[in-house]
Protein chains: 2
Amino acid sequence: MYTGSMSTPERLIESTRELLWERGYVGTSPKAIQQHAGAGQGSMYHHFAGKPDLALAAIRRTAEEMRATAEAALGGSGSAYARVEAYLLRERDVLRGCPVGRLTMDPDVIASDELRAPVTETLDWLRDRLAGILEEGVAQGEFTDALVPREIASTVVATVQGGYVLARSSGAPAAFDAAVRGLLALLGACAAPSGTTRH
Amino acid sequence: MYTGSMSTPERLIESTRELLWERGYVGTSPKAIQQHAGAGQGSMYHHFAGKPDLALAAIRRTAEEMRATAEAALGGSGSAYARVEAYLLRERDVLRGCPVGRLTMDPDVIASDELRAPVTETLDWLRDRLAGILEEGVAQGEFTDALVPREIASTVVATVQGGYVLARSSGAPAAFDAAVRGLLALLGACAAPSGTTRH
DNA sequence: GTCTATAAGACGATAGAC
DNA sequence: GTCTATCGTCTTATAGAC
(Lines give C-alpha, C1' and ligand atoms only; values in the text may rest on other atoms or scores of the structure.)
Protein backbone atom coordinates (compact mmCIF):
# COMPACT_ATOMS: atom_id res chain seq x y z
CA MET A 1 0.00 0.00 0.00
CA TYR A 2 2.88 2.33 0.80
CA THR A 3 5.58 1.96 -1.83
CA GLY A 4 6.92 5.50 -1.80
CA SER A 5 10.04 6.99 -0.33
CA MET A 6 9.03 6.70 3.32
CA SER A 7 11.27 4.80 5.68
CA THR A 8 10.01 1.54 7.09
CA PRO A 9 9.18 2.90 10.57
CA GLU A 10 7.42 5.79 8.87
CA ARG A 11 5.34 3.48 6.70
CA LEU A 12 4.49 1.37 9.74
CA ILE A 13 3.30 4.37 11.72
CA GLU A 14 1.25 5.80 8.87
CA SER A 15 -0.31 2.41 8.16
CA THR A 16 -1.18 2.01 11.83
CA ARG A 17 -2.77 5.45 11.83
CA GLU A 18 -5.03 4.56 8.94
CA LEU A 19 -6.01 1.16 10.28
CA LEU A 20 -6.62 2.52 13.77
CA TRP A 21 -8.91 5.14 12.27
CA GLU A 22 -10.80 2.60 10.22
CA ARG A 23 -10.97 -0.43 12.50
CA GLY A 24 -9.89 0.73 15.95
CA TYR A 25 -7.23 -0.83 18.14
CA VAL A 26 -8.97 -4.12 18.82
CA GLY A 27 -9.74 -4.57 15.15
CA THR A 28 -6.22 -3.86 13.93
CA SER A 29 -3.72 -6.73 13.85
CA PRO A 30 0.06 -6.46 13.47
CA LYS A 31 -0.24 -8.58 10.35
CA ALA A 32 -2.67 -6.15 8.77
CA ILE A 33 -0.32 -3.29 9.59
CA GLN A 34 2.64 -5.10 8.07
CA GLN A 35 0.77 -5.86 4.88
CA HIS A 36 -0.51 -2.29 4.60
CA ALA A 37 3.01 -0.98 5.15
CA GLY A 38 4.64 -3.51 2.87
CA ALA A 39 6.93 -4.63 5.68
CA GLY A 40 7.74 -8.05 7.09
CA GLN A 41 7.09 -9.14 10.64
CA GLY A 42 10.74 -9.07 11.63
CA SER A 43 10.92 -5.54 10.34
CA MET A 44 8.05 -4.39 12.49
CA TYR A 45 9.34 -6.04 15.64
CA HIS A 46 12.79 -4.62 15.00
CA HIS A 47 11.52 -1.03 15.02
CA PHE A 48 8.76 -1.35 17.59
CA ALA A 49 8.36 -3.37 20.76
CA GLY A 50 4.93 -4.63 19.72
CA LYS A 51 1.42 -3.62 18.85
CA PRO A 52 0.90 -1.23 21.81
CA ASP A 53 4.20 0.52 21.18
CA LEU A 54 3.45 1.08 17.52
CA ALA A 55 -0.09 2.14 18.30
CA LEU A 56 1.21 4.67 20.80
CA ALA A 57 3.43 6.27 18.16
CA ALA A 58 0.50 6.36 15.74
CA ILE A 59 -1.96 7.77 18.26
CA ARG A 60 0.47 10.48 19.36
CA ARG A 61 0.95 11.62 15.80
CA THR A 62 -2.76 11.60 15.06
CA ALA A 63 -3.45 13.60 18.20
CA GLU A 64 -0.79 16.14 17.28
CA GLU A 65 -2.21 16.47 13.79
CA MET A 66 -5.70 17.00 15.13
CA ARG A 67 -4.56 19.81 17.42
CA ALA A 68 -2.80 21.48 14.49
CA THR A 69 -5.88 21.20 12.27
CA ALA A 70 -8.13 22.60 14.97
CA GLU A 71 -5.72 25.42 15.73
CA ALA A 72 -5.72 26.40 12.06
CA ALA A 73 -9.44 27.13 12.33
CA LEU A 74 -9.49 28.46 15.88
CA GLY A 75 -6.46 30.72 15.62
CA GLY A 76 -8.07 33.07 13.11
CA SER A 77 -8.60 36.73 13.77
CA GLY A 78 -12.38 37.11 13.57
CA SER A 79 -14.96 37.28 16.34
CA ALA A 80 -15.31 34.46 18.83
CA TYR A 81 -18.42 33.26 17.01
CA ALA A 82 -16.59 33.37 13.67
CA ARG A 83 -13.70 31.30 15.00
CA VAL A 84 -15.95 28.69 16.56
CA GLU A 85 -17.96 28.65 13.35
CA ALA A 86 -14.79 28.18 11.32
CA TYR A 87 -13.90 25.22 13.50
CA LEU A 88 -17.34 23.67 13.21
CA LEU A 89 -17.59 24.15 9.46
CA ARG A 90 -14.09 23.11 8.54
CA GLU A 91 -13.86 20.29 6.03
CA ARG A 92 -14.04 16.84 7.54
CA ASP A 93 -13.99 13.25 6.42
CA VAL A 94 -17.23 12.95 8.33
CA LEU A 95 -18.06 9.32 7.57
CA ARG A 96 -14.68 8.15 8.80
CA GLY A 97 -15.36 9.66 12.19
CA CYS A 98 -12.86 11.35 14.48
CA PRO A 99 -9.55 9.47 14.56
CA VAL A 100 -9.00 10.56 18.15
CA GLY A 101 -12.53 10.44 19.54
CA ARG A 102 -13.24 6.96 18.23
CA LEU A 103 -10.44 5.59 20.38
CA THR A 104 -12.54 6.31 23.47
CA MET A 105 -14.78 3.42 22.42
CA ASP A 106 -11.82 1.05 22.26
CA PRO A 107 -11.71 -0.91 25.52
CA ASP A 108 -7.99 -1.69 25.24
CA VAL A 109 -7.13 1.97 24.68
CA ILE A 110 -9.22 3.13 27.62
CA ALA A 111 -7.70 0.42 29.81
CA SER A 112 -4.16 1.64 29.08
CA ASP A 113 -3.05 4.87 30.72
CA GLU A 114 -0.35 5.32 28.10
CA LEU A 115 -2.60 4.84 25.09
CA ARG A 116 -5.41 6.93 26.54
CA ALA A 117 -3.21 9.87 27.53
CA PRO A 118 -2.88 11.45 24.06
CA VAL A 119 -6.64 11.16 23.59
CA THR A 120 -7.42 12.81 26.92
CA GLU A 121 -4.86 15.55 26.36
CA THR A 122 -6.13 16.37 22.90
CA LEU A 123 -9.81 16.60 23.80
CA ASP A 124 -8.97 18.54 26.96
CA TRP A 125 -6.83 20.94 24.97
CA LEU A 126 -9.58 21.44 22.40
CA ARG A 127 -12.20 22.16 25.06
CA ASP A 128 -9.90 24.58 26.87
CA ARG A 129 -8.98 26.32 23.63
CA LEU A 130 -12.65 26.79 22.78
CA ALA A 131 -13.42 27.91 26.32
CA GLY A 132 -10.76 30.61 26.04
CA ILE A 133 -12.22 31.89 22.81
CA LEU A 134 -15.74 31.90 24.20
CA GLU A 135 -14.51 33.72 27.28
CA GLU A 136 -13.09 36.43 25.05
CA GLY A 137 -16.46 36.59 23.32
CA VAL A 138 -18.25 37.08 26.61
CA ALA A 139 -15.67 39.64 27.81
CA GLN A 140 -16.13 41.66 24.64
CA GLY A 141 -19.90 41.60 24.94
CA GLU A 142 -20.33 39.32 21.99
CA PHE A 143 -22.22 36.73 24.03
CA THR A 144 -24.44 37.11 27.05
CA ASP A 145 -22.53 36.46 30.26
CA ALA A 146 -25.16 33.93 31.24
CA LEU A 147 -22.94 31.57 29.26
CA VAL A 148 -20.37 29.46 31.09
CA PRO A 149 -17.54 29.29 28.54
CA ARG A 150 -16.19 25.96 29.70
CA GLU A 151 -19.61 24.34 29.52
CA ILE A 152 -20.37 25.72 26.08
CA ALA A 153 -16.94 24.55 24.95
CA SER A 154 -17.83 21.06 26.16
CA THR A 155 -21.08 21.27 24.23
CA VAL A 156 -19.24 22.28 21.06
CA VAL A 157 -16.77 19.40 21.28
CA ALA A 158 -19.55 16.97 22.17
CA THR A 159 -21.69 18.08 19.24
CA VAL A 160 -18.83 17.42 16.85
CA GLN A 161 -18.05 14.03 18.35
CA GLY A 162 -21.72 13.09 18.40
CA GLY A 163 -22.17 14.45 14.90
CA TYR A 164 -19.80 11.76 13.68
CA VAL A 165 -21.95 9.14 15.40
CA LEU A 166 -25.10 10.42 13.69
CA ALA A 167 -23.39 10.58 10.31
CA ARG A 168 -22.01 7.05 10.56
CA SER A 169 -25.36 5.77 11.79
CA SER A 170 -27.22 7.20 8.83
CA GLY A 171 -24.42 6.67 6.36
CA ALA A 172 -24.54 10.32 5.28
CA PRO A 173 -22.58 13.43 6.29
CA ALA A 174 -25.83 15.46 6.32
CA ALA A 175 -26.60 14.30 9.87
CA PHE A 176 -23.35 15.84 11.07
CA ASP A 177 -24.14 19.10 9.29
CA ALA A 178 -27.61 19.29 10.81
CA ALA A 179 -26.23 18.99 14.35
CA VAL A 180 -23.65 21.69 13.64
CA ARG A 181 -26.23 24.04 12.12
CA GLY A 182 -28.42 23.56 15.17
CA LEU A 183 -25.56 24.42 17.48
CA LEU A 184 -24.62 27.51 15.47
CA ALA A 185 -28.23 28.67 15.56
CA LEU A 186 -28.28 28.30 19.35
CA LEU A 187 -24.97 30.12 19.68
CA GLY A 188 -26.17 32.87 17.37
CA ALA A 189 -29.24 33.37 19.51
CA CYS A 190 -26.96 33.91 22.50
CA ALA A 191 -25.55 37.11 21.18
CA ALA A 192 -25.63 39.63 24.04
CA PRO A 193 -28.94 41.56 24.03
CA SER A 194 -27.10 44.84 23.53
CA GLY A 195 -24.82 43.16 21.01
CA THR A 196 -23.67 45.27 18.11
CA THR A 197 -21.47 42.48 16.84
CA ARG A 198 -22.60 41.07 13.53
CA HIS A 199 -21.94 37.45 12.74
CA MET B 1 -21.94 -15.20 35.19
CA TYR B 2 -25.62 -15.88 34.63
CA THR B 3 -26.74 -18.74 36.82
CA GLY B 4 -30.31 -17.66 37.43
CA SER B 5 -33.56 -18.88 36.01
CA MET B 6 -33.09 -17.53 32.50
CA SER B 7 -33.26 -19.90 29.56
CA THR B 8 -30.08 -20.57 27.65
CA PRO B 9 -30.98 -18.41 24.63
CA GLU B 10 -31.94 -15.67 27.05
CA ARG B 11 -28.65 -15.88 28.89
CA LEU B 12 -26.78 -15.84 25.58
CA ILE B 13 -28.58 -12.72 24.39
CA GLU B 14 -28.12 -10.87 27.68
CA SER B 15 -24.45 -11.82 27.80
CA THR B 16 -23.96 -10.63 24.24
CA ARG B 17 -25.65 -7.36 25.09
CA GLU B 18 -23.26 -6.72 27.95
CA LEU B 19 -20.14 -7.70 26.05
CA LEU B 20 -21.18 -5.71 22.98
CA TRP B 21 -21.63 -2.69 25.21
CA GLU B 22 -18.26 -3.15 26.87
CA ARG B 23 -16.05 -4.36 24.05
CA GLY B 24 -17.96 -3.78 20.82
CA TYR B 25 -18.65 -6.34 18.09
CA VAL B 26 -15.09 -6.80 16.90
CA GLY B 27 -13.88 -7.24 20.47
CA THR B 28 -16.51 -9.78 21.45
CA SER B 29 -15.83 -13.45 20.70
CA PRO B 30 -18.32 -16.31 20.74
CA LYS B 31 -16.17 -17.98 23.35
CA ALA B 32 -16.40 -14.97 25.65
CA ILE B 33 -20.17 -14.92 25.20
CA GLN B 34 -20.46 -18.61 26.03
CA GLN B 35 -18.37 -18.27 29.16
CA HIS B 36 -20.32 -15.21 30.31
CA ALA B 37 -23.58 -17.06 29.69
CA GLY B 38 -22.41 -20.29 31.20
CA ALA B 39 -23.25 -22.15 28.01
CA GLY B 40 -21.24 -24.51 25.82
CA GLN B 41 -20.36 -23.91 22.20
CA GLY B 42 -22.79 -26.49 20.91
CA SER B 43 -25.51 -24.82 22.89
CA MET B 44 -24.84 -21.45 21.34
CA TYR B 45 -24.71 -22.79 17.79
CA HIS B 46 -27.88 -24.74 18.38
CA HIS B 47 -29.87 -21.63 19.24
CA PHE B 48 -28.18 -19.14 16.94
CA ALA B 49 -26.71 -19.38 13.46
CA GLY B 50 -23.48 -17.72 14.56
CA LYS B 51 -21.97 -14.57 15.96
CA PRO B 52 -23.77 -12.12 13.64
CA ASP B 53 -27.14 -13.77 14.28
CA LEU B 54 -26.72 -13.61 18.04
CA ALA B 55 -25.41 -10.06 17.85
CA LEU B 56 -28.45 -9.04 15.82
CA ALA B 57 -30.79 -10.35 18.51
CA ALA B 58 -28.78 -8.53 21.17
CA ILE B 59 -28.60 -5.26 19.25
CA ARG B 60 -32.33 -5.30 18.51
CA ARG B 61 -33.16 -5.74 22.15
CA THR B 62 -30.74 -3.03 23.25
CA ALA B 63 -32.18 -0.64 20.68
CA GLU B 64 -35.71 -1.37 21.83
CA GLU B 65 -34.74 -0.80 25.44
CA MET B 66 -33.09 2.50 24.59
CA ARG B 67 -36.21 3.75 22.84
CA ALA B 68 -38.32 2.79 25.84
CA THR B 69 -35.96 4.54 28.26
CA ALA B 70 -35.91 7.69 26.14
CA GLU B 71 -39.67 7.66 25.76
CA ALA B 72 -40.06 7.48 29.52
CA ALA B 73 -38.32 10.86 29.80
CA LEU B 74 -39.69 12.43 26.62
CA GLY B 75 -43.30 11.38 27.03
CA GLY B 76 -43.86 13.50 30.12
CA SER B 77 -46.44 16.23 30.29
CA GLY B 78 -44.34 19.35 30.94
CA SER B 79 -43.15 22.04 28.56
CA ALA B 80 -40.99 21.15 25.57
CA TYR B 81 -37.95 22.46 27.42
CA ALA B 82 -38.83 20.41 30.50
CA ARG B 83 -39.18 17.22 28.48
CA VAL B 84 -35.90 17.72 26.64
CA GLU B 85 -34.28 18.57 29.97
CA ALA B 86 -35.69 15.43 31.52
CA TYR B 87 -34.18 13.41 28.70
CA LEU B 88 -30.79 15.09 29.01
CA LEU B 89 -30.64 14.79 32.78
CA ARG B 90 -31.93 11.26 33.11
CA GLU B 91 -29.62 8.87 34.93
CA ARG B 92 -27.00 7.28 32.78
CA ASP B 93 -24.14 4.86 33.11
CA VAL B 94 -22.07 7.60 31.52
CA LEU B 95 -18.66 5.91 31.58
CA ARG B 96 -20.00 2.84 29.82
CA GLY B 97 -21.08 4.97 26.88
CA CYS B 98 -24.17 4.54 24.75
CA PRO B 99 -24.80 0.87 23.95
CA VAL B 100 -26.35 1.84 20.64
CA GLY B 101 -24.20 4.79 19.61
CA ARG B 102 -20.93 3.00 20.23
CA LEU B 103 -21.83 0.43 17.56
CA THR B 104 -21.39 3.13 14.92
CA MET B 105 -17.65 2.93 15.56
CA ASP B 106 -17.64 -0.79 14.93
CA PRO B 107 -16.51 -1.39 11.35
CA ASP B 108 -18.21 -4.79 11.09
CA VAL B 109 -21.53 -3.39 12.31
CA ILE B 110 -21.41 -0.47 9.89
CA ALA B 111 -20.48 -2.82 7.07
CA SER B 112 -23.56 -4.97 7.67
CA ASP B 113 -26.93 -3.57 6.64
CA GLU B 114 -28.69 -5.94 9.02
CA LEU B 115 -26.62 -5.09 12.08
CA ARG B 116 -26.63 -1.38 11.37
CA ALA B 117 -30.38 -1.12 10.80
CA PRO B 118 -31.46 -1.14 14.47
CA VAL B 119 -28.82 1.50 15.23
CA THR B 120 -29.96 3.78 12.42
CA GLU B 121 -33.63 3.31 13.27
CA THR B 122 -33.13 4.08 16.93
CA LEU B 123 -31.08 7.24 16.49
CA ASP B 124 -33.44 8.41 13.73
CA TRP B 125 -36.43 7.76 15.95
CA LEU B 126 -34.84 9.67 18.83
CA ARG B 127 -34.04 12.67 16.66
CA ASP B 128 -37.53 12.72 15.17
CA ARG B 129 -39.13 12.36 18.59
CA LEU B 130 -37.11 15.32 19.88
CA ALA B 131 -37.85 17.32 16.75
CA GLY B 132 -41.58 16.82 17.31
CA ILE B 133 -41.33 18.04 20.88
CA LEU B 134 -39.28 21.07 19.87
CA GLU B 135 -41.77 21.83 17.13
CA GLU B 136 -44.53 21.90 19.71
CA GLY B 137 -42.38 24.24 21.76
CA VAL B 138 -41.97 26.60 18.84
CA ALA B 139 -45.67 26.40 17.96
CA GLN B 140 -46.63 27.30 21.51
CA GLY B 141 -44.27 30.23 21.58
CA GLU B 142 -41.93 28.59 24.02
CA PHE B 143 -38.96 28.92 21.66
CA THR B 144 -38.17 31.51 19.03
CA ASP B 145 -39.20 30.30 15.58
CA ALA B 146 -35.66 31.02 14.38
CA LEU B 147 -35.03 27.49 15.59
CA VAL B 148 -35.20 24.62 13.11
CA PRO B 149 -36.57 21.80 15.29
CA ARG B 150 -34.96 19.00 13.31
CA GLU B 151 -31.53 20.64 13.52
CA ILE B 152 -31.79 21.34 17.23
CA ALA B 153 -32.92 17.76 17.74
CA SER B 154 -29.78 16.60 15.92
CA THR B 155 -27.70 18.84 18.16
CA VAL B 156 -29.32 17.37 21.27
CA VAL B 157 -28.66 13.78 20.20
CA ALA B 158 -25.12 14.66 19.11
CA THR B 159 -24.35 16.38 22.41
CA VAL B 160 -25.39 13.28 24.31
CA GLN B 161 -23.41 10.94 22.07
CA GLY B 162 -20.39 13.24 22.19
CA GLY B 163 -20.81 13.68 25.92
CA TYR B 164 -20.09 9.99 26.32
CA VAL B 165 -16.89 10.45 24.31
CA LEU B 166 -15.72 13.29 26.57
CA ALA B 167 -16.57 11.36 29.71
CA ARG B 168 -14.74 8.23 28.60
CA SER B 169 -11.78 10.30 27.47
CA SER B 170 -11.42 11.99 30.83
CA GLY B 171 -12.51 8.99 32.84
CA ALA B 172 -15.15 11.02 34.66
CA PRO B 173 -18.90 11.60 34.15
CA ALA B 174 -18.44 15.32 34.85
CA ALA B 175 -17.42 15.96 31.24
CA PHE B 176 -20.77 14.63 30.07
CA ASP B 177 -22.61 16.81 32.55
CA ALA B 178 -20.75 19.92 31.46
CA ALA B 179 -21.74 19.41 27.82
CA VAL B 180 -25.36 18.88 28.82
CA ARG B 181 -25.42 21.96 31.04
CA GLY B 182 -23.98 24.02 28.19
CA LEU B 183 -26.66 22.78 25.85
CA LEU B 184 -29.45 23.50 28.34
CA ALA B 185 -28.08 27.01 28.85
CA LEU B 186 -28.16 27.60 25.09
CA LEU B 187 -31.67 26.21 24.83
CA GLY B 188 -32.81 28.31 27.75
CA ALA B 189 -31.48 31.43 26.09
CA CYS B 190 -33.63 30.61 23.07
CA ALA B 191 -36.88 31.15 24.87
CA ALA B 192 -39.05 33.30 22.64
CA PRO B 193 -38.52 37.02 23.41
CA SER B 194 -42.14 37.41 24.42
CA GLY B 195 -42.00 34.12 26.26
CA THR B 196 -43.96 33.91 29.46
CA THR B 197 -43.02 30.28 29.89
CA ARG B 198 -40.90 29.61 32.91
CA HIS B 199 -38.46 26.77 32.87
C1' DG C 1 17.51 -4.28 8.98
C1' DT C 2 14.90 -7.67 6.94
C1' DC C 3 13.64 -12.33 6.20
C1' DT C 4 11.46 -17.03 7.21
C1' DA C 5 10.19 -20.43 10.68
C1' DT C 6 7.92 -21.64 14.58
C1' DA C 7 4.83 -21.39 18.54
C1' DA C 8 0.85 -21.32 21.91
C1' DG C 9 -3.35 -19.80 22.04
C1' DA C 10 -7.75 -17.42 20.31
C1' DC C 11 -11.29 -17.13 16.69
C1' DG C 12 -15.45 -18.69 14.34
C1' DA C 13 -17.47 -22.57 13.05
C1' DT C 14 -18.71 -27.68 12.11
C1' DA C 15 -19.35 -32.77 13.33
C1' DG C 16 -21.10 -36.09 15.72
C1' DA C 17 -21.75 -38.45 20.25
C1' DC C 18 -24.89 -38.39 24.13
C1' DG D 1 -30.43 -29.42 23.82
C1' DT D 2 -25.98 -29.89 25.35
C1' DC D 3 -21.47 -31.81 25.19
C1' DT D 4 -16.62 -32.66 23.44
C1' DA D 5 -13.63 -33.00 19.49
C1' DT D 6 -11.86 -31.16 15.59
C1' DC D 7 -10.94 -27.78 11.89
C1' DG D 8 -8.49 -24.11 9.35
C1' DT D 9 -7.29 -19.59 10.14
C1' DC D 10 -5.70 -15.51 12.61
C1' DT D 11 -3.18 -13.37 16.51
C1' DT D 12 0.82 -11.73 18.74
C1' DA D 13 4.68 -12.56 19.18
C1' DT D 14 9.93 -15.02 19.54
C1' DA D 15 14.12 -17.19 17.32
C1' DG D 16 17.49 -17.27 14.45
C1' DA D 17 19.33 -17.19 9.60
C1' DC D 18 20.85 -13.89 6.17
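As the structure is a computational prediction, the values presented were derived from the model and not from experiment. Per chain, numbering begins at 1; letters A, B, ... match sequence-line order.
- Note: OH (A:Tyr45) to P (C:dT4) measures 16 Å, nearest angstrom.
- Relative to the ring axis of B:Tyr87, B:Arg92 places its NZ or CZ within 45° and under 6.0 Å from the centre.
- As a whole-Å value, the separation of B:His46 NE2 from C:dT14 C1' is 15 Å.
- Distances were taken from every side-chain heavy atom of A:Gln41 (C-beta onward) to each of C:dA13, C:dA5, C:dC11; the shortest belongs to C:dA5.
- For the pair A:Lys31 NZ and C:dT4 P, the interatomic distance rounds to 12 Å; values are reported in whole Å.
- Counting any heavy atom pair closer than 4.0 Å across all strands shown, B:Pro9 reaches no nucleic acid atom.
- For the residue pair A:Arg67 / A:Thr122, a side-chain donor-acceptor distance below 3.5 Å is found, with atom types taken as modelled.
- We find that NZ of B:Lys51 is positioned 15 Å from P of C:dA10, with the value rounded to whole Å.
- Using a 4.0 Å cutoff to heavy atoms of chain A, the contacted part of DNA chain D runs 5' to 3' from D:dT11 to D:dT14.
- In this structure, A:Lys51 is not positioned above the aromatic face of A:Tyr45 in the sense of NZ or CZ being under 6.0 Å from the six-membered ring centre and within 45° of the axis.
- If you take CG of B:Leu19 and C1' of C:dG12, they are 16 Å apart, rounded to a whole angstrom.
- Heavy-atom nearest nucleotides on DNA chain D were determined for A:Tyr25 and for A:Gly42, and the one closer to the 5' end corresponds to A:Tyr25.
- Among the protein residues, A:Gly40 comes within range of the sugar-phosphate backbone only, with heavy atoms under 4.0 Å from sugar or phosphate atoms but none that close to a base.
- A cation-pi geometry, defined here as NZ or CZ lying under 6.0 Å from the six-membered ring centre and within 45° of its normal, holds between A:Arg96 and A:Trp21.
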### B:Arg17 vs B:Thr62, side chain to side chain donor-acceptor pair (under 3.5 Å): CA-CA, chis, key distance, verdict
CA-CA 7 Å; B:Arg17 262 156 46 88; B:Thr62 296; 3.0 Å; yes
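- Between B:Ile33 atom CD1 and C:dC11 atom P there is a gap of 10 Å when expressed in whole angstrom units.
- Crowding of B:Glu114 atom CD: a count of heavy atoms from other residues, nucleotides or ligands under 6.0 Å not exceeding 12.
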